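Count residues from 1 along the sequence. Fair warning: this is a prediction, and the values are worked out from it, not measured in the lab. Atoms considered below: every heavy atom in the structure, side chains included; atoms not considered: hydrogens, waters and symmetry mates.
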Amino acid sequence: MTAIPGLSDAIEGTIRDAVEDSITWPVRKVIPILPGDYSDLELKPTGVLEVKLVQAKELTNKDLIGKSDPFAVLYVRPLRDRMKKSKIINNDLNPIWNEHFEFVVEDPLTQHLVVKIYDDEGLQSAELIGCAHICLNELEPGKVKDIWLKLVKDLEIQRDQKNRGQVHLELLYCPNGMNNGLSNPFSQNESMTSLERVLKNSAEGKEASPNGSEINNRREVIVRGVLSVTVVSAEDLPPADIGGKADPYVVLIMKKAQIKNKTRVVNESLNPVWNQTFDFVVEDGLHDMLMLEVWDHDTFGKDFMGKCILTLTRVLMEGEYKDTYELAEAKSGKLNLHLKWNPQPIYRDYQ
């Protein structure tokens with residue numbers, strides 16, 4: 001049976017994961033000396049780690065023809081039923097997943113999140129592109145951490161310094177019983193504003209039926225609203241024309257809704273100022289993304305100059321902010337943006 005393609009690797013992987021978990025968990029053993037209840041000293045679930053796998057960039061290509069088909073495996077403990085797998089992005093070394101995963105945490109002081117990026121090989125075993133990890137004690141409870149992690153070949157032994165790419169994560173650790181008014185920006189059942197919190201609390205309670213008996217209704221909060229994006233300006237754009245200038249404009253795209261807008265063209269400038277505002281009606285703010293692409297306008301075509309990709313997590317939590325973002329896939333360049341969120345929560349009953 002082990003000669004069947006893929007089965008041998010699966011068996012070996014299952015055994016390896018079980019052994020790894022058994023020797024690294026639990027990291028604390030309570031040995032009672034005197035009779036008594038020591039249950040409070042035992043390690044047990046202490047909270048939930050919310051992970052948004054946003055994207056990766058500059059991944060090593062493992063295919064001879066075409067590009068790798070990357071997917072990610074994430075876990076806190078290497079147990080098969082507690083490991084999460086992303087969808088496969090075909091033929092892309094800069095994949096965008098924007099997927100949310102949830103993990104049980106027993107000991108935030110010693111546990112860490114592991115991310116492994118693989119190249120899908122169809123019927124054959126997937127090939128590891130690179131891996132990364134982050135210790136949970138680096139996370140501030142109730143606060144989102146936006147981080148890029150460098151991929152390495154091995155988490156234990158740094159065998160080489162080869163560039164294998166980076167992975168972009170948004171992380172939030174929520175301890176059990178956290179009651180400090182902070183909301184969970186990744187959970188569909190949590191809200192972003194005080195109004196939504198009030199509505200959510202009342203929606204999840206019991207409602208009286210017309211005949212006086214109580215019925216349980218569950219309602220899901222859908223984070224809907226209007227996103228206002230002001231493209232203020234750009235700085236230090238790479239020259240795209242023979243004369244060392246460019247005629248840049250910005251294309252704005254809501255990834256999930258596939259709604260597009262674009263700014264006007266600013267002629268012969270590497271530091272253009274637009275100050276244009278665009279409003280997008282967003283139906284699912286927790287799972288949509290804003291993509292901004294900078295292009296050089298030419299009479300007979302256009303040239304790509306760079307892009308940046310933003311989740312809506314920050315604007316959902318803060319309501320409004322201004323920031324500068326470096327352009328990806330470009331030698332230089334930054335975008336100055338102003339984002340504002342006007343929530344319009346809606347609710348859907350479900351059993």
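- Two residues are said to be in side-chain contact when any heavy atoms from C-beta on lie closer than 4.5 Å; Tyr173 and Leu136 fail this criterion.
- With contacts defined as side-chain heavy-atom distances shorter than 4.5 Å, the pair Lys57/His168 does not qualify.
- Residues passing the ring-ring contact (aromatic ring centres under 6.0 Å, His included) test with Phe101, sequence neighbours excluded: none.
- Residues satisfying the ring-ring contact (aromatic ring centres under 6.0 Å, His included) test with Phe304, not counting sequence neighbours, are Trp295.
- Every pair tested for salt bridge (Lys or Arg N to Asp or Glu O under 4.0 Å) that includes a residue from residues 265-281 fails, sequence neighbours excluded, so the list is empty.
- For residues 325-340, every residue pair satisfying the salt bridge (Lys or Arg N to Asp or Glu O under 4.0 Å) rule, not counting sequence neighbours, is listed here: Lys307-Glu329.
- Glu106 has a carboxylate O that lies under 4.0 Å from a charged side-chain N of Arg82, or vice versa, which qualifies the two as a salt bridge.
- Taking a 6.0 Å sphere around NZ of Lys322, one finds it holds 12 or fewer heavy atoms contributed by other residues, nucleotides or ligands.
- For Glu58, there are no salt bridge (charged side-chain N to carboxylate O under 4.0 Å, His left out) partners two or more places apart in sequence or in a different chain.
- Although no hydrogens or angles enter the test, the distance criterion places no donor-acceptor pair under 3.5 Å between the side chain of Thr230 and the main chain of Val232.
- Contact check on Glu170 versus Lys145 returns no salt bridge, with no Lys/Arg side-chain nitrogen under 4.0 Å from an Asp/Glu carboxylate oxygen.
- Contact check for Tyr249 versus Val251: side-chain heavy atoms found under the 4.5 Å cut-off.
- No side-chain heavy atom of Cys131 sits under 4.5 Å from any side-chain heavy atom of Val115.
- Environment of NZ in Lys262: sparse, with no more than 12 heavy atoms of neighbouring residues, nucleotides or ligands closer than 6.0 Å.
- In terms of the side chain to side chain contact (heavy atoms under 4.5 Å, CB included) criterion, residue partners of Ala132 (sequence neighbours excluded) are, by chain and number, Leu149, Leu151.
- Put simply, CD1 on Ile96 and CG on Leu53 are 11.0 Å apart, with the number rounded to the nearest 0.5 Å.
- With sequence neighbours excluded, no residue satisfies ring-ring contact (aromatic ring centres under 6.0 Å, His included) with His338.
- Listed here is the closest heavy atom pair of Leu270 and Gly244: CD1-O, 3.5 Å.
- A pairwise comparison of heavy atoms in Cys135 and His112 identifies CA-CB, 3.7 Å as the closest pair.
- For the atom pair Asn90 CG and Ile88 CD1, the distance stands at 7.0 Å (nearest 0.5 Å).
- No side-chain donor from either of Asn267 and His297 sits under 3.5 Å from a side-chain acceptor of the other.
- Here the closest non-hydrogen pair linking Gln166 and Lys150 is CG-CA, 4.3 Å.
- For residues 237-249, no pair satisfies salt bridge (Lys or Arg N to Asp or Glu O under 4.0 Å), with sequence neighbours left out.
- Partners of Asn61 according to the side chain to side chain donor-acceptor pair (under 3.5 Å) rule, which considers only residues two or more places apart in sequence or in another chain, are Ser68.
- Using a 4.5 Å heavy-atom threshold, the side chains of Gln55 and Pro95 count as separate.
- Residue Lys260 places its NZ atom among 12 or fewer non-hydrogen atoms of other residues, nucleotides or ligands, all under 6.0 Å distant.
- Annotation: salt bridge (charged side-chain N to carboxylate O under 4.0 Å, His left out) contacts of Glu138 (sequence neighbours excluded): none.
- Looking only at side-chain heavy atoms (C-beta outward), Asp69 and Asp119 come within less than 4.5 Å of each other.
- For Asp323, the salt bridge (charged side-chain N to carboxylate O under 4.0 Å, His left out) test picks out Arg314, with sequence neighbours left out.
- Ionic pairing of Arg224 and Asp284 is not present here: no N-O contact between side-chain nitrogen and carboxylate oxygen is shorter than 4.0 angstrom.
- Applying the salt bridge (charged side-chain N to carboxylate O under 4.0 Å, His left out) test to Lys84 and every residue at least two apart in sequence or in another chain returns nothing.
- Looking at heavy atoms from C-beta onward, His100 lies in side-chain contact with Glu50 at the 4.5 angstrom threshold.
- The OH atom of Tyr75 sits 9.5 Å away from the CZ atom of Arg80 when rounded to the nearest 0.5 Å.
- Proximity of Val104 to Val48: side-chain heavy atoms (C-beta onward) are nowhere separated by under 4.5 Å.
- Shortest non-hydrogen contact noted between Leu312 and Asp288 is CG-O, 3.9 Å.
- His133 NE2 to Lys116 NZ: the interatomic distance, rounded to the nearest 0.5 Å, is 11.0 Å.
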